[in-house]
Each structure stands twice: as structure tokens, then as C-alpha cells.
Amino acid sequence: MSEWVHVGQTSDIDEEDLIRFDHEDGRTFAVYNTEKGFFATDGFCTHEAQHLEDGLVIGTVIECPLHQGRFDVTNGRALSAPACVDLKTYPVKLEGDEIYIEI
Amino acid sequence: MPTETAFVATNWQSSGIKIDKKRLKQLCKRYDKPGLIYLAKWALALFVSGAVVWATLGTWLVWPAMIAYGTIMMVPGYCLSHETAHGTPFRSRWLNETVLWVTSFIYMEEPLHRRMHHTSHHTFTWHIDKDSQMPFDTPMDFKGWLIEISGISLLKYHIKELLELTVGHFSQHTREVSQVGDLPKMARGARIFMAIYLGIAIAIFMGQLWLLWFLVLPRFLGIPAMMLYGLIQHVELQENSPSILESTRSFKTNAFGRFLYANMNFHCEHHLFPQVPFYALPELNREIRDQLPEPDPGFFRTQFEVLSVVIRRSLKKNTKAKSIRQAPHMITEGGYQPIATKSM
Ligand code: FES
């Protein structure tokens, strides 16, 4: 069963940037502030187990810091090699300045 | 979902380097302009050195002119193929991929193959049997140096891989570093390259000799310089270390060297933070230099010391270099034990 989890405030994430959110159940996520709004994905790249938290956000694309594989954060689609398996995405909602993701 | 504990890539984290995250993101920012300026300078250098080749055709001076032109073709060509395999030198993706295809064509490696094999060089930098871009056996002796610098070993590898990809045969290493969907794309890329190489060969045979003088011969005459640059990235350093500071070498060089090698003299910095584009490496160096070993002396001095070490190793003499960095086990007297076998 899914639940809405509080991950931080809008001011925690710079524009064109992301933060890491570690859930107490051990799962880890990446939450993005892009030109098209806030999005959330799994924290680890699907190519190798590199966390995306130090990756670069370019528009709505996250580039993995290890081999520069790219994903569209709006739908998780893998855009360029070496990444070819899509990232899982999660719904995001804002309540005032508070950010929640549904996991 | 992958777990963090299952995996340690060789980068800044495994090397204990600290950097402010906001500063790192600034350094990673992508622009088209610096990459385009670099391309323009490269084109100008090729034009000027090509004009010298043209002017000296028919005299003995054409050979040194072609070595210079070939060096200018191959060293930046190799660097751009490497940078664009990372996808970092341009903000526009189409520009990045176009330059990747053109420069990888000159370098003679199918672009996706180049990109995928390079991933393991970053995940497992200089790790025996894991890094798929260890180009020579270690420790290196004089024979190994000669084979490496001639480019024969790399050429054999490139031809073998291209032929195999063309017929849809994929080596163990290629399968390991690639995802299933990549393999047909690599085969298609290799077939396109082979068709163009064949077209060039036929054109030369039909009398288009300018292709021979301005593309094929300089491509091979520029290889030794390219190999010399590549050689000092990791030679004499530590295999199987999680720390880039132990496995990788940065060296000092002048403005021309930095242009030719697209700032890859900051090689530790590149391996620590492969997401930082080549044009931001000098700035990255200023940011973290107090955490790095002193870069080795200039290009020629470093080359001279490496050559001196490999000759002495072949003669079973003491292999301690005067000033370049060496892993402790590289310093021996009276012979040596082989450590790593090349992976390409
Ligand atoms: S680990 Fe992310 S692209 Fe390789």
C-alpha cells in the first residue's frame, strides 16, 4: 500500500537541482526541482548502483555522476547510454512549501 | 533496487576527496561555448599545419610536417572522442553526439563501444580483470613500451573489435560492459564505419590521393604522440587501489600542452569527478589541489623518466624514478614479477 511521505521543503532544493531522501525503511530517492516543477525518482541509477544525488540536473534531465547516463525525471525514461533501463518515478505533491512523495 | 553497500566505484568518494556540493554542481555546468571555441582552435590548428603539409609536398620536409599535422589531428581527436563519450563538453546533446561520431571515426572505435568500455575504466580504474581499458601489461618493460607507443597493440585491438562488431560477434568484455539492447546498435555503428573506411580505401585506389596525405598517413603518424599522452595516465602507478590518487597521474604542462590534450593533464581530477567538463578542470584543480598529490613534472620530463625506468627494468637494474610518482612495488632491482595483463 502506498503512502505520502514528507521529504522536505521547496526551499531545500535549488532550481535545476535535486536532493536525496532516505526513507526509514531503507529505500532511497531523488527529489528534483526543475523548470517544469518537482519530481521524484529512485535514488540509484539503473546502470550501476551509483546514487544520483551528486548528479547534474539539466532542464528536466538528470545526468548520473558516475558515467553520465541520462534520464528524463518527468517519466523516468533512460535517454542515453550507458543508462538504458528506465528509472522508477513517484508522484509528488506540494502542500504550501512542503514536498510529499507517494511511495 | 541496487544497494549502496554492494558497490564502490573509483571516484572522489572512494578516494576520500571533499568538495562543497554546490561548488561541484557549478563546476559541472554545461555550456556549448567553451567546447565550440575548442573545436574552432582545433580546426585552425589543422588548417595551418595542413597548409604546411601542402607547401612541403615533394620535399623531405613533408614528413615532419605530417607528424605535426597528424599529432594535431590525433591527440585532440582522441580527447574529444573521450570527452564526448562522457557527454560533458557541450550542453547540446546533438552537438555532443555528432562530435563523438566524427572523432571516434578518426580514433577507429565504434562510438557506443567507446562509451560503454570507458564506463568500466571509471568504475574500476586500473583494477586488474575489471578495468576493460588497461592497454598494457604491468609493470611495463622496454618491449612493452615500444609496442605501446607504436600504437600496434591499440590498432590490432580496434581492428579486431570493429571486425567482430561488424559480423555481430561480441567479445566477453563487450558483453560485460553493455546492456543487451546496446549490442545491435554497436554492430550497426561498426558497419557504418567499415563502409566509410572501405569507401575511403576505394577512393584512394581510384586516385584521390589527398585522402592518403591528409587523412590516412597523418592518422598513423600522429599515433605515437597520442599514445605517449595516454601512457602516462596510469603507468607505474598502483593497480587495484580504491583511491584515484594512487592509480592515476596528473602532470604539469604548458598552455599548448593543455590545448592539445584538452586539459587531460588534470587526469586525477578527471577520474575523481568525471562529470566535470574538460574546460572546468583547471578550476576544479584550484578547488581541490590541497588534497591531491603534487602533479608530476612536465610532459617531456615525465616521458623521459618513464622511458628510463622501463629500460632499467628490462636491464634488471634499479627502477626508482628520479621524480615521478611510482607505486612502491614498481621500484625493484634485479627483475620483477608480472602483475597485470592488458585488457585491450
Ligand atoms: S552508474 Fe549511472 S550511468 Fe553508470
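Every chain is numbered from 1, with letters handed out A, B, ... down the list of sequences.
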What part of A/V85 is in contact with chain B, defined as an atom under 4.5 angstrom from a non-hydrogen atom: side chain, backbone, both or neither?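 When you check distances to chain B, only side chain atoms of A/V85 fall under 4.5 Å.
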Heavy-atom closest pair, residues [X] and [Y]:
| X | Y | value |
| --- | --- | --- |
| A/A81 | B/M116 | CB-SD, 4.0 Å |
| B/A9 | A/Q50 | CB-OE1, 4.5 Å |
| B/R93 | A/S80 | NH2-OG, 3.1 Å |
| B/P274 | A/P65 | CG-O, 3.8 Å |

Just jot down the ring pair (Phe, Tyr, Trp, His ring centres under 6.0 Å) partners of B/H173, sequence neighbours excluded, or say none.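 Ring pair (Phe, Tyr, Trp, His ring centres under 6.0 Å) list for B/H173, sorted by chain: empty.
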Tell me every residue that passes ring pair (Phe, Tyr, Trp, His ring centres under 6.0 Å) with B/F105, counting only those two or more places apart in sequence or in another chain.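 With sequence neighbours excluded, B/F105 shows a ring pair (Phe, Tyr, Trp, His ring centres under 6.0 Å) to B/F193, B/Y197, given in chain and number order.
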Please step through side chain to side chain contact (heavy atoms under 4.5 Å, CB included) for the pair A/D54 and B/Q13, ending with a clear verdict. CA-CA 11 Å; A/D54 294 314; B/Q13 288 155 328; 3.5 Å; yes
For [X], does the [atom1] atom have more than 12 heavy-atom neighbours from other residues, nucleotides or ligands under 6.0 Å away?
| X | atom1 | answer |
| --- | --- | --- |
| B/K130 | NZ | no |
| B/D129 | CG | no |
| A/K93 | NZ | yes |
| A/E35 | CD | yes |
| A/R77 | CZ | no |

Of all of B/E97, B/R91, B/K185, which one pairs up most often with chain A through heavy atoms under 4.5 Å apart?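 Top option by heavy-atom pairs under 4.5 Å: B/R91.
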Please assess B/K21 against A/E53 for the test side chain to side chain contact (heavy atoms under 4.5 Å, CB included), listing each intermediate value before the final yes or no. CA-CA 10 Å; B/K21 292 207 173 190; A/E53 64 174 319; 3.4 Å; yes
Decide whether B/T123 and A/E48 meet the rule of one side-chain donor and one side-chain acceptor closer than 3.5 Å.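 There is such a pair between these side chains.
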Side chains of [X] and [Y]: closer than 4.5 Å at any heavy-atom pair?
| X | Y | result |
| --- | --- | --- |
| B/R30 | A/L56 | yes |
| B/K29 | A/I58 | no |
| B/T119 | A/Q68 | no |
| B/R115 | A/H67 | no |

Mind running side chain to side chain contact (heavy atoms under 4.5 Å, CB included) on A/E63 and B/H86 for me, showing each step along the way? CA-CA 11 Å; A/E63 185 189 89; B/H86 279 285; over 6 Å; no
Where on B/T88 is there a heavy atom nearer than 4.5 Å to chain A: the side chain, the backbone, both, or neither?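 Only the side chain of B/T88 comes within 4.5 Å of chain A.
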Are any of the side-chain nitrogens in A/D14 or B/K22 under 4.0 Å away from the carboxylate oxygens of its partner?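 Here A/D14 pairs with B/K22 in a salt bridge, since their nearest N and O are under 4.0 Å apart.
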